[in-house]
2 protein chains.
Amino acid sequence: MEGNDKLTEDKIFEAATTVFEEQGMTGARMQNIADRAGINKALLHYYFRTKDQLFDAVFSKLAQKMFQKFSPIFEENLSLEDKIRFFIKEHINFLKENPKLPGFIIHEINRNPQRIKKMLRNVDFKILWSAILKHHSDELGDYNITEENLPQIMTTIVSLTVFPFAARGLIEVIFSNVGVDFDKYIEERKEFAAEFVIKAIKK
Amino acid sequence: MEGNDKLTEDKIFEAATTVFEEQGMTGARMQNIADRAGINKALLHYYFRTKDQLFDAVFSKLAQKMFQKFSPIFEENLSLEDKIRFFIKEHINFLKENPKLPGFIIHEINRNPQRIKKMLRNVDFKILWSAILKHHSDELGDYNITEENLPQIMTTIVSLTVFPFAARGLIEVIFSNVGVDFDKYIEERKEFAAEFVIKAIKK
DNA sequence: GTCTATAGAAGGATAGAC
DNA sequence: GTCTATCCTTCTATAGAC
């Protein structure tokens with residue numbers, strides 16, 4: 001049964017994604033994943049052999065999903081300002097649908113930096129980064145952006161969107177104390193972060 | 001032997017801090033902690049009874065250490081701009097000495113949000129936050145800071161300092177590819193982040 | 001207070017029936 | 001392809017000698 005086959009594997013993969021995102025590799029339990037998928041432990045091993053291989057599959061998929069969301073930076077045909085607005089808005093929308101992703105990726109990379117090193121070994125960021133400068137070369141006169149400070153600016157933009165989700169558990173406790181709703185805060189952040197960055201880099 | 005007693009407990013606590021920061025609660029092994037402390041497993045239980053209690057002690061200490069570093073925001077007698085410069089610089093210096101702290105706190109809070117909720121139950125952030133506005137009330141005319149957008153601004157500043165350390169494993173891989181040194185980037189970030197924020201909030 | 005030895009529980013993995 | 005039963009390793013925790 002090819003159809004049912006794919007279905008079971010998908011159910012396992014989905015359940016594993018949920019559990020790994022919440023508990024991390026070391027905190028996840030095969031029994032927990034099996035229960036969530038509505039099957040038994042033995043089937044997990046039938047499809048993925050070991051916990052390690054199951055985790056690898058989930059991690060690779062999620063990391064890839066995350067990296068794909070950065071492609072608009074290098075492609076969309078927009079002015080620099082509109083590109084910043086577009087990227088931040090789309091990235092926050094993506095994170096709203098995958099709120100556990102930042103914490104998961106951060107934790108697993110810290111636990112095993114080699115994994116991501118291997119995944120990115122044949123990506124040339126140098127070419128990608130200089131492509132940004134080239135793409136907007138006619139606008140750069142209006143902004144404080146150079147090859148020198150590009151690392152600062154790039155990490156700054158990503159910080160603004162990712163950190164609130166990574167530290168959500170802490171932020172929500174503080175916000176609830178001052179009467180701020182996290183979802184409303186995130187919605188407002190799309191415009192706030194974009195205009196914040198644009199104002200800061202403008203000459 | 002009171003003296004030696006304290007020494008052993010401290011050795012255990014230090015070893016546990018290192019291991020928990022690196023592996024998290026679920027990834028840490030009592031054997032590993034014992035080895036690092038240069039004693040045997042049984043002694044861990046003699047001093048801290050269970051892994052859970054040992055972890056609680058370490059987590060509480062680290063979380064407290066982290067929160068204390070935010071106090072300059074509410075105390076230092078500086079102009080708004082100088083306070084931002086001072087806080088970012090001091091906070092980055094602190095994180096340089098505790099680079100694993102952000103990832104650890106983020107992961108453990110996500111895994112168990114209740115723990116931090118309990119720790120902060122008797123802190124009134126509302127009073128602290130309005131104190132900032134009051135303290136700089138004479139300067140606020142020059143900046144786009146209101147009670148409304150304070151949550152955005154506060155989380156933005158913290159994002160800029162904390163995120164690079166949390167995502168260090170990933171950032172370092174990308175940086176090594178484009179020929180940027182992480183330590184140099186962090187050193188430059190003190191000034192970059194401060195001036196970035198100041199420029200963005202100035203009217 | 002510190003050690004060795006070991007109990008006891010949990011969790012990953014497999015065998016074998018259907 | 002899916003299940004039940006079980007093995008075996010790993011890990012937390014304790015007993016008991018010194």
Side-chain angles (χ1 to χ4, degrees), chain A residues 1-62 104 107-108 110-112 114-115, chain B residues 1-62 104 107-108 110-112 114-115:
Chain A
M1 292 167 198
E2 285 285 315
N4 196 15
D5 196 23
K6 240 325 169 221
L7 213 74
T8 302
E9 192 170 335
D10 285 354
K11 273 196 300 184
I12 293 173
F13 194 87
E14 265 177 55
T17 300
T18 307
V19 174
F20 281 133
E21 273 195 335
E22 270 170 18
Q23 312 287 341
M25 163 65 184
T26 59
R29 295 290 167 257
M30 294 296 265
Q31 186 63 60
N32 190 355
I33 295 172
D35 292 348
R36 229 171 236 278
I39 48 102
N40 61 70
K41 268 198 302 181
L43 259 194
L44 296 183
H45 293 283
Y46 175 80
Y47 280 100
F48 292 91
R49 286 204 55 79
T50 67
K51 185 186 180 185
D52 237 57
Q53 285 184 46
L54 177 54
F55 176 78
D56 266 359
V58 169
F59 180 84
S60 300
K61 180 69 170 291
L62 291 182
F104 171 73
H107 175 64
E108 296 302 340
N110 286 343
R111 213 176 49 85
N112 180 6
Q114 290 314 110
R115 203 191 307 272
Chain B
M1 293 168 200
E2 286 284 316
N4 197 15
D5 195 24
K6 245 305 165 241
L7 213 74
T8 302
E9 193 170 334
D10 284 354
K11 273 196 301 186
I12 293 173
F13 194 87
E14 264 178 55
T17 300
T18 306
V19 174
F20 280 134
E21 272 194 335
E22 269 170 19
Q23 311 288 341
M25 161 67 185
T26 58
R29 294 291 168 257
M30 294 297 265
Q31 185 64 59
N32 191 354
I33 295 172
D35 292 348
R36 229 170 233 278
I39 47 101
N40 62 70
K41 270 196 303 179
L43 259 194
L44 296 183
H45 293 284
Y46 175 79
Y47 280 100
F48 292 91
R49 284 206 58 80
T50 67
K51 184 186 180 184
D52 238 58
Q53 284 184 45
L54 176 54
F55 176 78
D56 265 359
V58 169
F59 180 84
S60 300
K61 179 71 171 292
L62 290 181
F104 170 73
H107 175 63
E108 295 303 339
N110 285 344
R111 214 176 49 84
N112 180 6
Q114 288 317 109
R115 202 190 309 270

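Proteins come first, then strands; the chains are lettered A, B, ... in the order of their sequence lines, and each starts at number 1.
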Novice: Just grab all the ring pair (Phe, Tyr, Trp, His ring centres under 6.0 Å) pairs involving residues 16-41 of chain A, residues at least two apart or on different chains.
Specialist: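 Ring pair (Phe, Tyr, Trp, His ring centres under 6.0 Å) check on residues 16-41 of chain A returns Phe20(A)-Phe55(A).
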Novice: Mind calculating the distance between CD (Gln53(A)) and C1' (dG12(C)) to the nearest angstrom?
Specialist: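 In whole Å, dG12(C) C1' and Gln53(A) CD are 13 Å from each other.
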Novice: In whole Å, I'd like the distance from the CG atom of Asp52(B) to the P atom of dA13(D).
Specialist: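 Value for this atom pair: 8 Å.
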Novice: So which heavy atom on Ala15(A) is nearest to which on Ile33(A), and how close?
Specialist: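 Of all heavy-atom pairs spanning Ala15(A) and Ile33(A), the closest is CB-O, 3.6 Å.
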Novice: Does any residue of residues 14-21 of chain A have a heavy atom under 4.0 Å from DNA chain C, and if so, which ones, in number order?
Specialist: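 Heavy-atom cutoff 4.0 Å gives no residues at all.
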Novice: Whole angstrom is fine here: how far is it from NZ in Lys11(A) over to P in dG1(D)?
Specialist: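 Between P of dG1(D) and NZ of Lys11(A): 13 Å.
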Novice: Atom CG of Leu44(A) to atom P of dG11(C): distance rounded to whole Å?
Specialist: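 Going from Leu44(A) (CG) to dG11(C) (P), I get 14 Å.
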Novice: If you measure from CD1 on Ile12(A) to OG1 on Thr17(A), what distance do you get to the nearest 0.5 Å?
Specialist: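 The distance works out to 11.5 Å.
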Novice: Among residues two or more places apart or on two chains, list those pairs meeting salt bridge (Lys or Arg N to Asp or Glu O under 4.0 Å) that have a residue in residues 47-61 of chain A.
Specialist: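 For residues 47-61 of chain A, and leaving out neighbouring residues, the salt bridge (Lys or Arg N to Asp or Glu O under 4.0 Å) pairs sorted by first residue read Asp56(A)-Arg115(A).
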Novice: Examine dT2(C): is either OP1 or OP2 under 4.0 Å from a nitrogen or oxygen in the side chain of Tyr47(B)? Give yes or no.
Specialist: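 For dT2(C), OP1/OP2 do have a side-chain N/O of Tyr47(B) under 4.0 Å.
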Novice: Compare every heavy atom of Ala57(A) with every heavy atom of Phe48(A), then report the nearest pair and how far apart it is.
Specialist: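 In this case the closest contact between Phe48(A) and Ala57(A) is CE2-CB, 4.2 Å.
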Novice: Just the rounded figure in Å: distance from C1' of dA10(C) to NZ of Lys51(A).
Specialist: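 The distance from NZ of Lys51(A) to C1' of dA10(C) comes to 12 Å, rounded to the nearest Å.
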Novice: Which parts of residues 27-43 of chain A get close to DNA chain D, meaning a heavy atom less than 4.0 angstrom away?
Specialist: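 Contacting residues: Ile39(A), Asn40(A), Ala42(A), Leu43(A).
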Novice: Calculate the interatomic distance between His45(B) atom NE2 and dA7(C) atom P; express it in whole Å.
Specialist: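 About 16 Å, once rounded to whole Å.
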Novice: Please report, rounded to the nearest Å, how far the P atom of dA13(C) is from the CZ atom of Arg49(A).
Specialist: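 After rounding, the gap between these two atoms is 9 Å.
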Novice: Supply the atom-to-atom distance Phe104(B) CZ to Leu62(B) CG, rounded to the nearest 0.5 angstrom.
Specialist: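 Phe104(B) CZ to Leu62(B) CG: 5.5 Å, rounded to 0.5 Å.
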Novice: Which atom pairs, donor and acceptor, lie under 3.5 Å between side-chain atoms of residues 35-44 of chain B and protein residues at least two apart or in another chain?
Specialist:
residue	atom	partner	partner atom	Å
Asp35(B)	OD1	Gln31(B)	NE2	3.0
Asn40(B)	OD1	Ala42(B)	N	3.1
Asn40(B)	OD1	Leu43(B)	N	3.4

Novice: Is the phosphate of dT2(D) approached by Thr8(A) (side-chain N or O, under 4.0 Å from OP1 or OP2)?
Specialist: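 Yes, Thr8(A) has a side-chain N/O under 4.0 Å of OP1/OP2 on dT2(D).
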Novice: So, are Arg111(A) and Glu108(A) salt-bridged, with charged N and O less than 4.0 Å apart?
Specialist: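 Between Glu108(A) and Arg111(A) there is a salt bridge, with a charged N closer than 4.0 Å to a carboxylate O.
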Novice: Choosing from dT12(D), dA13(C), dT2(D), which nucleotide comes nearest the side chain of Tyr46(A)?
Specialist: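 My answer, after comparing the listed nucleotides, is dT2(D).
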Novice: Side chain to side chain donor-acceptor pair (under 3.5 Å): which pairs involve residues 19-28 of chain A, sequence neighbours left out?
Specialist: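 Applying side chain to side chain donor-acceptor pair (under 3.5 Å) to every pair that reaches into residues 19-28 of chain A, excluding sequence neighbours, yields Glu22(A)-Lys100(A), Thr26(A)-Thr26(B).
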